[in-house]
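Okay, so here's the structure we're looking at.
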Amino acid sequence: MPVPEIPAASPSYNGESPKTPAVFNVLSFGAVGDGAADDTQAFKLAWDMACHNDSAVLLVPNGYSFMLQSTIFTGPCKNNLELRIDGTIMPPDGPDSWPRNSSKRQWLVFYRINGMSMQGGGLIDGRGEKWWNLPCKPHKGISGTTQRGPCDSPVAIRFFMSSNLTVKGLQIRNSPQFHFRFDACHDVHVESLSIKAPAQSPNTDGIHIENTNNVQIYNSVISNGDDCVSIGAGCFNVDIKNVTCSPSHGISIGSLGFHNSRACVSNISVSDSVIKKSDNGLRIKTWQGGSGSVSNVAFHNIHMDAVRNPII
């Protein structure tokens, strides 16, 4: 029986060297990239193939806009997986477009991944405006009051129980809630990000980490409506360097001790950074009734301009 030909839609492999990564272009798995078609399944198929290959690149090509539903990309994967975003990816446009059976607390989740990089010159567009305008959001009511109603809003990019991560060179804008969140991760390197959301966009933290250690956040520019970087409970060995926050609510440790819980944070360094046009600069936030400790925190060479509360 003759061997069937590989269809043109299949991913191509470069066999010049065992170390050359295989490239899995989402277009080869059926993605349309017109900003309207649902490309979730094509991304999942490409992810599954790339995840199980040594030294693979999952390519989101330039010149296309891909709409993805709320999705979990699951590991473990083999080593040296790169998600290269050169085009644009976006969620459905607001809560009314969100499928009823999908979580409204998260958009793209990367779970149990070891040794992954997410990088490229592309854009992650969170399309957050309709979420910010929900009646429950504080800025919509009189003097910061809120109204009853559904209020869940998705984190744009979440890494959960993952390690040896690099996030580099991307633009991300207008997340409905946090732009990046790292939960229960270790060995995280974030560099050369551009994060943008309006100053009045609620709860749009740039980068939030929780129960995460050995973190480097370098050479990035963050403009948003909440904390530039927020460091939650259980974090240690965090180095923040050459980050510009403008406007934002500054760089925060906390809030810690919610619901009388115990929270510990240690070995935090913030240096060579700029905070401008912000309500707060550097702060440690705690809840009454909580317990724990914050130790070995160093702030060095921080330039502030038009900051109401520089250190609190």
Which heavy atom in [X] sits nearest to a heavy atom in [Y], and how many Å separate them?
| X | Y | result |
| --- | --- | --- |
| Ser97 | Asp93 | OG-O, 3.3 Å |
| Phe66 | Val32 | CE2-C, 4.4 Å |
| Asp205 | Ser230 | OD2-OG, 2.9 Å |
| Ser70 | Trp98 | CB-CZ2, 3.8 Å |
| Ala156 | Ile172 | CB-CD1, 4.1 Å |
| Leu68 | Pro92 | O-CD, 3.3 Å |

For [X] and [Y], indicate whether the former's side chain and the latter's backbone hold a donor-acceptor pair under 3.5 Å.
| X | Y | answer |
| --- | --- | --- |
| Thr212 | Glu210 | yes |
| Ser162 | Ile113 | yes |
| Ser252 | Gly254 | no |
| Ser194 | Gln171 | no |
| Asp183 | Phe160 | no |
| Ser266 | Ser295 | no |
| Ser273 | Ser271 | yes |

Measuring only between side-chain heavy atoms, which start at C-beta, is [X] closer than 4.5 Å to [Y]?
| X | Y | value |
| --- | --- | --- |
| Ser261 | Trp287 | no |
| Val26 | Pro61 | yes |
| Ile222 | Cys228 | yes |
| Arg112 | Thr74 | no |
| Gln106 | Ile72 | yes |
| Val238 | Val229 | no |
| Met118 | Leu170 | yes |
| Cys185 | Ser163 | no |

Would a hydrophobic clustering, with Ile, Leu, Val, Met, Phe, Trp and Tyr connected at side-chain separations under 4.5 Å, put [X] with [Y]?
| X | Y | value |
| --- | --- | --- |
| Val294 | Ile268 | yes |
| Met67 | Val109 | no |
| Phe110 | Met90 | no |
| Val190 | Val243 | yes |
| Ile195 | Ile89 | yes |

Given Ser153 and Leu134, is the side chain to side chain contact (heavy atoms under 4.5 Å, CB included) satisfied, shown in steps? CA-CA 9 Å; Ser153 300; Leu134 288 171; 4.2 Å; yes

Test side-chain hydrogen bond (donor to acceptor under 3.5 Å, both in side chains) on Gln177 and Asn203 and set out the steps. CA-CA 5 Å; Gln177 205 188 57; Asn203 304 120; 5.2 Å; no

Please determine if Lys130 and Asp96 form a salt bridge, counting it only when a charged side-chain N lies under 4.0 Å from a carboxylate O.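 Not counted as a salt bridge, because no side-chain N and carboxylate O are separated by less than 4.0 Å.
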
Arg283/Asp227 ion pair, N-O < 4.0 Å: yes

As a quick check of understanding, evaluate side chain to side chain contact (heavy atoms under 4.5 Å, CB included) for Leu59 and Asp86, giving each step before the final call. CA-CA 8 Å; Leu59 176 63; Asp86 289 330; 3.9 Å; yes

Evaluate the criterion side chain to side chain contact (heavy atoms under 4.5 Å, CB included) for residue pair Ile157 and His179; output intermediate values, then yes/no. CA-CA 6 Å; Ile157 306 293; His179 287 79; over 6 Å; no

Output the distance between atom [atom1] ([X]) and atom [atom2] ([Y]), rounded to the nearest 0.5 Å.
| X | Y | atom1 | atom2 | answer |
| --- | --- | --- | --- | --- |
| Phe24 | Glu82 | CZ | CD | 13.0 Å |
| Arg158 | Phe178 | CZ | CZ | 11.0 Å |
| His208 | Ile231 | NE2 | CD1 | 9.5 Å |
| Asp187 | Asn114 | CG | CG | 9.0 Å |
| Gln216 | Ser269 | CD | OG | 11.0 Å |
| His52 | Trp47 | NE2 | CH2 | 10.0 Å |

Given Gln200 and Trp132, is the side chain to side chain contact (heavy atoms under 4.5 Å, CB included) satisfied, shown in steps? CA-CA 9 Å; Gln200 295 301 315; Trp132 307 331; over 6 Å; no

Under a plain distance cut-off of 3.5 Å, with no hydrogens placed, do Asn213 and Asn237 share a side-chain donor-acceptor pair? no

For Tyr218 and His189, take the angle between the two ring planes, folded into 0 to 90°, and tell me which bin it lands in: parallel under 30, tilted 30 to 60, perpendicular over 60. perpendicular

Parallel, tilted or perpendicular: which fits the ring planes of Phe182 and Phe159, with parallel below 30° and perpendicular above 60°? parallel

Please tabulate, for side-chain N and O atoms in residues 297-312, each donor-acceptor pair with protein atoms closer than 3.5 Å (sequence neighbours left out).
{"unit_1": "Asn301", "atom_1": "ND2", "unit_2": "Asp272", "atom_2": "OD1", "d": "2.8"}
{"unit_1": "Asn309", "atom_1": "ND2", "unit_2": "Asp279", "atom_2": "O", "d": "3.4"}
{"unit_1": "Asn309", "atom_1": "ND2", "unit_2": "Asn280", "atom_2": "OD1", "d": "3.1"}

[atom1] ([X]) with more than 12 external heavy atoms under 6.0 Å:
| X | atom1 | value |
| --- | --- | --- |
| Lys276 | NZ | no |
| Phe73 | CZ | yes |
| Lys44 | NZ | yes |

